[in-house]
Amino acid sequence: RFGPDFLEPLGRIPAGTAFGWLLVFGVGVLGQPQMLHKFFMIRRPQQLAFLPLALGAAQGLCLLVWIGLGIAVPALVAAGRLAAPGSADGAAPAYLLTIAPDWLAGLVLAGALAAIMSTANSFLVLAGGALVRDLPRGLGRRGAVGLLGPRLATLAVALAAALLAHLWDDLVALLGSLSFGLLAAALAPAVALGLCWERVRARAVEASIWTGLGVDLLLEVAHRLPGATGRWPPDGIPAPAVALLASFAVLLGVTWVGERPVGGTSDLDLGPGRRLG
């Protein structure tokens, strides 16, 4: 049922799909607000020296879980030791509740719930703040004052997210990838280049953000329309990868054709010789 190609480096997915998601997750992580805002808690830049070790160790453990379950569950099903789960999302619970020791199942489930709660909390707080403070100010209005507005906005975002998750007829991982890719396409170019290249101005950033949002949403919606052939993007390239490249292209293009900035100082010091204008 699985065949020898199951153990190939890319499995059965096209190369365009694999390297497209590599681009989205490798570069798009720079545009994830639920991760970026945590850097404001760092007291000294020297503490970033420990980031590769901490992040590498954590990601290594996560990869062991993903790869281990991805190989172990099909092998157990093929050997007749485990009933085939009804969907791919049921592979991990089936293994943990049937094969794994109780202590390991409890540890993995507790870690998964902690990660879900941490990410969900970050998104809810950020979304609520954006609705009651950032958007009104961007439209030239005064944002809400007090706690009632942010609380209601957070509740509304939580209910909308729960409804979307309930109606989403696909893998849970793809739902997370949709949000990750949308944020990557919209914000990664602005953060990656906007903080390091002094020529980048608000016009280029705005054009890049709108391009990333528009292209990603357009391709995602078109892919799910009745009668869609799924031939675009070609070769299985994920929509967020196309949107991310388009967002980078617009940011670079608008910056290069724009006027060079007049010299001056900025409010944010990024190190020797680099400031945010």
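Values below: every heavy atom of this structure, side chains too, minus hydrogens, waters and symmetry copies.
Residues forming a side-chain hydrogen bond (donor to acceptor under 3.5 Å, both in side chains) with Thr154 (at least two apart in sequence, or on another chain): none. Residues passing the side chain to side chain contact (heavy atoms under 4.5 Å, CB included) test with Val205 are Ala190, Val200, Ile209, Leu251, sequence neighbours excluded. Qualifying side chain to side chain contact (heavy atoms under 4.5 Å, CB included) partners for Ala120, counting only residues two or more places apart in sequence or in other chains: none. Partners of Phe180 by ring pair (Phe, Tyr, Trp, His ring centres under 6.0 Å), not counting sequence neighbours, listed by chain and number: Phe25. By the side chain to side chain contact (heavy atoms under 4.5 Å, CB included) test, Leu109 is found to be paired with Leu96, residues two or more places apart in sequence or in another chain being considered. For the side chain to side chain contact (heavy atoms under 4.5 Å, CB included) test, residues two or more places apart in sequence or in another chain that qualify with Ala127 are Val157. Remark: Phe39 pairs with no residue by the ring pair (Phe, Tyr, Trp, His ring centres under 6.0 Å) rule, at least two apart or across chains.
Among residues at least two apart or in separate chains, side-chain hydrogen bond (donor to acceptor under 3.5 Å, both in side chains) pairs with a member in residues 240-251 are Ser208-Ser247.
Counting Ile, Leu, Val, Met, Phe, Trp and Tyr side chains that sit under 4.5 Å apart, directly or through other members, Leu113 stands alone, with no cluster partners. Cluster partners of Phe50 are absent, since no Ile, Leu, Val, Met, Phe, Trp or Tyr has side-chain heavy atoms less than 4.5 Å from it. Hydrophobic cluster of Met117: no remaining members, since no ILVMFWY side chain lies below 4.5 Å from it.
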Show me the donor-acceptor pairs within less than 3.5 Å that the side chains of residues 58-75 make with the rest of the protein, sequence neighbours left out.
none

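With a 6.0 Å radius and a threshold of 12 heavy atoms from other residues, nucleotides or ligands, Trp210 has its CH2 atom at or below the threshold.
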